[in-house]
Structure formats: C-alpha cells, structure tokens
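What follows is a set of notes on a single structure, which appears directly below.
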Amino acid sequence: MIKKILFLAIFSFVLIVQSQAQSIKKQESKESLEPTIQDGFTGDLAFETTAFVEQYWRVVGNTGFNESIFFIAKKLESAGFVLEEKATTKNRLTYRIEKRPLKNPTWEMVDARVSISSKEAPILDYATNRNMVALNSFSTPKEGVTAEVIYVKDVQKLKNMDVKGKIVFAETSPSRIFNEAIIKGGAIGLMTYDNPSYLNPEKNTTSIQFRSIPLNSKLKPWAIALSFAAKERLKEELLKGPFKVTVQIETKIYESEELTIVADIKGEKLPNERLVFSAHIQEPGANDNATGVGVALEMATLSAKLLKENSWSPTRTLTFLWGDEIVSTGRYVQEDKTRAQNIKWGISLDMVGENTEITGGSFLIEKMPDPSAIWTRGNDKHSEWGGSKMSLDQMKPHYLNDFVIREFEAQGKRANWEVNTNPFEGGSDHTPFLRSNIPSVLFWHFTDQFYHTDNDRLDKVSKETLKNVGTASMISAHILLNANEKTAVNMIATIETAAISRLNEEFKQGKIAIKKGDKLAEQIEIIKAWEDWYNKAIASTTDMVSMASSLKVAIETAQASVSMAAKNAINELNK
C-alpha cells in the first residue's frame, strides 16, 4: 500500500511540474523561433556539404581535408560571414582559418590494387575499396611488388618465422604485428584482416575498416587492409600451396599544414559567453563525419540569415569549429584560458545523418557522465563502441543532459524520428570540453554496420535525419544562447521531472536487483548517487542568470522534492 502511495505521489508531482513547465513555455512561445527553424532547416545544404566532403579520403593537411575547409569558407562568405582580418567591430558574423605547420607529413591516397594473377580481376581495387591501404603506407614501385604470402595464424609465433622479403598475412590489426614483421622480420609488406563482428562482415563482404601503420620514412613500409571476401580468397589460395601476390600502391606523403576553421556569430549582450559546436573533418566516410560538417554549416548559415533578417539576435556568442577530431577542439579549449572559462556549452556533431534502415542502430545522445555510466541498467545501455565503468568523482552533474533530451524528443515526436541515449563513452570532440569541466554532449549514431568502412558512402546518408538533427540542435542552441531567468525556471522544472522519473526507475531496478541477491547497501548507494547528481544539476541552472540568488527559491524547492523522492524510495527498499 505504501508503495502505491509513493508511486501516486510521484506521479501527481510529475504532472504538476509538467503543467508548470508547459505554462512557462507557453509564456515564451511568442518569442519562439521553433517554427522558423523547423521550416528553415531543410537539410539541403547539409546534404550538399556531405556529398562534397565525402568524395575525399580526408587526412589533416591533405587535399581532401583542405578542400573541405575552403568549401566551408566559401559557403560562410556567401551567408555573410566576414574574414576576421577584414572585419570591423560592427561585424557580428566572422570567420577565420587557423594555419599551423604539421609536425609530421600528411598522407594522401592515389591508387592501389592487389592481384593474385594477371589473368583474373584484382581481389582488391582502390576504385571500389578505398580503405584498402593503411594510413601512412608508402608507394610501391610503379609496376608493383610481387612476393610470396606467408600466413601467420598465431601472431605469437611470428618472431620465430622467416618473413624477410615476403608479405605477411594475418587476422589482426597491422599495428599489432608491424614491429615484429616489418622492423625486426624484414617483411616487404602486410595484409591484415580484423573487421569487428558488429560490421556484419559475412554479409558486408566488401567492407574494409580503415587502418594505419606507423610512419617510417626509412623503410617506406606499406600495409593492405582486407575485406572479408579478400581474406577468404587468400585463404582459398593457401589451400593450394605457396603462392604470390602483386601489390601496387600509389600514395603521396608530403609536408603540409594543419587548417582549422572557426566561425562566430557574436552575442549582443554577453559576447564572451559562448556555445561551441564542433565537427571534425578528417576520416574518409560520409556519415563519419561529412554529415557533422554539413549539419554545422547549415546551422551556421541559417543562423546568419535569421540575424540579418532581424528575426533573431543571440545574447551570447555562437561558435562553429571544424578541424581535426579532438585535436582542434582540445586546442580551442586549452590555448586561451580566458576564452575557455566563458565556454558555457560544447556540443559534438559526429555521425549525425544516418539512414538507420540501412546502417542499423539509432540516433543517440551520449550524455555527460552521470550514474548510468557507473550502474548501467534498465533502459540504459552502452553502444557496441563501448565504455569503461566510471567512478563517482568523474560525474559531471548539469542540466544539459536532460535539456537536449527534451528538445530532441520533441523533434522526434514531431517527425516520428527515433531518439535514444547512451551513457558516457568518450572518443569524440565532447571529451576535450569535459576535461576542462565544460558541459558537453555528443550527438551521433550507433550501431552502424558500415562504421569506419569504405561502404560508409553517400547512399547511407538520410537528408531527413540531417534535418532532424540540425533542427533539434539549432532549437537547443538558440534557447541556450538567449537563456535568462525564465529559461532557468523552465529548466529547473524539466530537471526535477527527469530526476523523479529516474528515481522511480532506480527504485524498480533496485527491487529487481535485491530479489536477485544484490546487496541493499548498493541499491541505496545508487539512489543517493542519482539524488546528488540531479540536485547538483538543478543548481547548475544558475549559469543562465547574472544573479544566482534570483533562482534560490526555485532551486531549493526542486531539490527538496528530489530529496524527498529519494528518501521515500530508500525507505521502501529498506522494507
């Protein structure tokens, strides 16, 4: 009976809070840009950009990477952005291209093929397998190299094998055997296969997940990454006895510079405070990450259009950053400490345009570290990309998680589009922000059966998905950029609702866990961890207002209700 009362109390409170939140939202509806953004973000420029960028195998400093930078710059200028060095204090739309010398040469693919016999078609050809050559591989002689293939079934035995002047074939990553086979063994080259199971390699038999080897200008090594089909073809040949293959590779390795492009839409009242969208350019795929580049560019140009039409003016600065994954974002955060202190939110756009009917998986919001990254249960689950268990001192309580979930779920409802979340895993441009204690989330897709493969091409991209992600991202950004006390009160209501819902779910999970023999003490610890996280997330709303005291009552009231819900849940677990 008490359990029923607890549930009814929580349910009633949630209804009250939701009603308050809806009331506040209606009060702000006159100033809302949601319809304008929904109509204005068509996905056309995002798709056009994706199509342009994905045609290149992009490595920092190479032709494809740089052409992508120049494409972005051209579109920004067409939208009214002015090169910083030519701008005046009156220009609110500016951009710059940062240039830095690369410590190591860049790398560029030209052509490649692998043949067993001149009488049959190549088992791999760059025209259809553009990931077949490992990054940092050097060219072979123009006519190619022909050598015997040595299959290494157990890589632990490689050190005892004679591979000098031969091609080592193994089912592992090239980096794992590079030193033993190339440096110590004198092998002429490598052919490796190690596509993970989530790529469905026996179905997607031509897919090759891109690989790399260390850059070695003295030995000028090369490595071939194999598809499932090519690997099986080589194994068939092995059954016949010793055989040779001919490998032809043409690459370019040359000195270059690193380019990063940064665009700003200057805030009217608080220009030093900013939201930063980061989208990395490097990598060879369409979804990864030409789509992120495209969504960011359409958001930038549409925001510029709204500013020029006087239909929107941001209080804070909106920044877009395109460059080298993690490196460019990390530098942006680290090189200017004053600027970093005023970055209020960072959002990573990575793999945001997938046609999930083809790629699999769904759109995901990777949350800032919360207790689901420690206790992953119920509806929470890690992606196949994987994440390591975290600790309580690594938590990042903030309203950003549930705010963007709210806005994206609203877009999902409007467009009949699936939106899910995953606990923090890292590995993209949100991590440099988080390392500097800047609230940050990742927008992405997984599982993707073409992730990092040469089948991640434009036919796997959905313009509708680009539109959905761009629309929800832009609405979220515009709310945050003009956030004030009203927004903060609305946010408190949202977080309070989410907190009580989460505590109710953790109570249910706790009962299940106890029945299975788990300790009561751990279930109480989990409840308390969520209580602490959400109460701190509620308190974080003060970053929207100039005086924290203006939210004191709203924060304390919400925190009290969260703590009461946690207390009731713990009392029930103790029975």
Side-chain angles (χ1 to χ4, degrees), residues 41-76 97 106-109 129-131 135 207-210 258-261 263 277-302 320-329 347-356 358-359 361 363-364 427-430 442-446 448-471 473-474:
F41 198 105
T42 63
D44 291 340
L45 179 56
F47 191 84
E48 177 192 350
T49 304
T50 299
F52 179 87
V53 174
E54 75 96 31
Q55 67 184 309
Y56 297 106
W57 212 116
R58 296 150 342 250
V59 176
V60 177
N62 78 1
T63 301
F65 188 98
N66 293 345
E67 287 298 319
S68 299
I69 290 281
F70 301 144
F71 180 94
I72 294 166
K74 184 178 179 180
K75 293 295 183 180
L76 289 174
I97 298 177
T106 191
W107 181 85
E108 192 167 322
M109 266 303 301
N129 297 104
R130 70 178 191 169
N131 284 3
L135 177 66
S207 286
I208 300 176
Q209 197 166 60
F210 77 82
E258 176 193 350
L259 303 183
T260 303
I261 187 165
F277 280 104
S278 187
H280 67 88
I281 296 173
Q282 100 296 336
E283 290 187 328
N287 277 307
D288 191 9
N289 182 39
T291 55
V293 174
V295 166
L297 184 56
E298 185 164 344
M299 276 198 289
T301 57
L302 179 54
F320 295 91
L321 175 67
W322 295 270
D324 186 10
E325 186 175 17
I326 298 178
V327 174
S328 295
T329 306
I347 295 176
S348 174
L349 299 166
D350 191 352
M351 300 169 63
V352 293
E354 302 208 3
N355 182 335
T356 56
I358 299 175
T359 63
F363 173 77
L364 294 170
S428 192
D429 281 309
H430 55 318
L442 166 68
F443 299 154
W444 72 313
H445 284 79
F446 224 67
D448 177 352
Q449 64 180 320
F450 305 109
Y451 172 65
H452 277 182
T453 76
D454 42 20
N455 278 318
D456 177 12
R457 301 306 302 269
L458 193 62
D459 61 317
K460 314 303 188 305
V461 176
S462 161
K463 189 166 79 169
E464 193 64 27
T465 303
L466 293 170
K467 175 178 171 60
N468 283 327
V469 175
T471 299
S473 297
M474 196 165 165

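By convention here, the first residue in the shown sequence is residue 1.
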Q) Listed by chain and number, what are the ring-ring contact (aromatic ring centres under 6.0 Å, His included) partners of H280, not counting sequence neighbours? A) none

Q. Mind checking what makes side chain to side chain contact (heavy atoms under 4.5 Å, CB included) contact with Q449, not counting sequence neighbours?
A. N200, K203, N204

Q: Begin from the C-alpha positions of D448 and D288 and carry the test side-chain contact (heavy atoms from CB on, under 4.5 Å) through to its verdict.
A: CA-CA 10 Å; D448 177 352; D288 191 9; over 6 Å; no

Q: Mind listing the closest non-hydrogen atom pair of T329 and S278 along with its distance?
A: OG1-OG, 2.6 Å

Q: For residues S428 and I326, report the shortest heavy-atom separation together with the two atoms involved.
A: O-CG1, 3.5 Å

Q) Distance from D324 atom CG to L321 atom CG, nearest 0.5 Å? A) 10.5 Å

Q.
Looking at N287, is its backbone amide N or carbonyl O close enough to the side chain of D456 to form a donor-acceptor pair, meaning the two atoms are under 3.5 Å apart?
A. yes

Q) Under a 4.5 Å cut-off applied to non-hydrogen side-chain atoms, are L297 and W322 in contact? A) yes

Q) So how far is it from H452 NE2 to M351 CE, rounded to the nearest 0.5 Å? A) 7.0 Å

Q: Mind listing the closest non-hydrogen atom pair of L76 and A300 along with its distance?
A: CD2-CB, 4.1 Å

Q: For residues G361 and T356, report the shortest heavy-atom separation together with the two atoms involved.
A: O-CB, 3.7 Å

(Q) How close do W57 and L135 get, counting heavy atoms only, and between which atoms? (A) CZ3-CD1, 4.5 Å

Q.
Under the rule for salt bridge (charged side-chain N to carboxylate O under 4.0 Å, His left out), what residues qualify as partners of E108, not counting sequence neighbours?
A. none

Q: Please name the pair of heavy atoms, one in A279 and one in V293, separated by the smallest distance, quoted to 0.1 Å.
A: CB-N, 3.9 Å

(Q) Can you pull out every salt bridge (charged side-chain N to carboxylate O under 4.0 Å, His left out) where at least one residue sits in residues 47-67? Sequence neighbours excluded, please. (A) E48-K75, E54-R457

Q | Interatomic distance, Q55 atom CD to T50 atom OG1 [nearest 0.5 angstrom] | A | 12.0 Å

(Q) Is there a side-chain contact (heavy atoms from CB on, under 4.5 Å) between Y56 and N62? Walk through the geometry before answering. (A) CA-CA 10 Å; Y56 297 106; N62 78 1; over 6 Å; no

Q. Are Q282 and V59 side-chain neighbours, meaning at least one heavy-atom pair lies under 4.5 Å?
A. no

Q) Between F71 and F52, how do the two ring planes meet: parallel, tilted or perpendicular, split at 30° and 60°? A) parallel

Q: Would you please name every residue forming a side chain to side chain contact (heavy atoms under 4.5 Å, CB included) with S462, sequence neighbours left out?
A: N355, E464, T465

Q | Between CG on residue L45 and CG on residue L302, distance to nearest 0.5 Å | A | 10.0 Å

Q.
Side chains of E298 and L466, heavy atoms from C-beta outward: is any pair under 4.5 Å?
A. no

Q. Donor-acceptor pair, Q209 side chain versus Y451 backbone, under 3.5 Å?
A. yes

Q: Start with the C-alpha distance between K467 and T42, add both sets of side-chain angles, then the distance that settles side-chain contact (heavy atoms from CB on, under 4.5 Å), and finish with yes or no.
A: CA-CA 6 Å; K467 175 178 171 60; T42 63; 5.6 Å; no

Q: Determine whether I69 and I281 make a side-chain contact, defined as any pair of heavy atoms from C-beta on separated by less than 4.5 Å.
A: yes

(Q) Let me confirm one number: the CG-CD distance from N131 to E283, rounded to the nearest 0.5 Å. (A) 10.0 Å

Q) Can you name the residues that form a side-chain hydrogen bond (donor to acceptor under 3.5 Å, both in side chains) with T260, not counting sequence neighbours? A) S328

Q) Under 3.5 Å, side chain of N129 to main-chain N/O of I208, donor-acceptor pair present? A) no

Q. Would you say the side-chain atoms of D429 pair up with the backbone N or O of S348, donor to acceptor, closer than 3.5 Å?
A. no

Q. Backbone N or O of S207 within a donor-acceptor pair of the D454 side chain at under 3.5 Å?
A. no

Q: Please step through side-chain contact (heavy atoms from CB on, under 4.5 Å) for the pair S473 and F443, ending with a clear verdict.
A: CA-CA 9 Å; S473 297; F443 299 154; 3.5 Å; yes

Q. With distance as the sole test, does T291 use its side chain to make a donor-acceptor pair with the main-chain N or O of V352 at under 3.5 Å?
A. yes

Q. Out of curiosity, I97 CD1 to L259 CG, how far, rounded to the nearest 0.5 Å?
A. 6.5 Å

Q.
Contact between P284 and F210 at the side-chain level, heavy atoms closer than 4.5 Å - yes or no?
A. yes

Q) Between the side chain of E354 and the main-chain N/O of F363, is any donor-acceptor distance below 3.5 Å? A) no

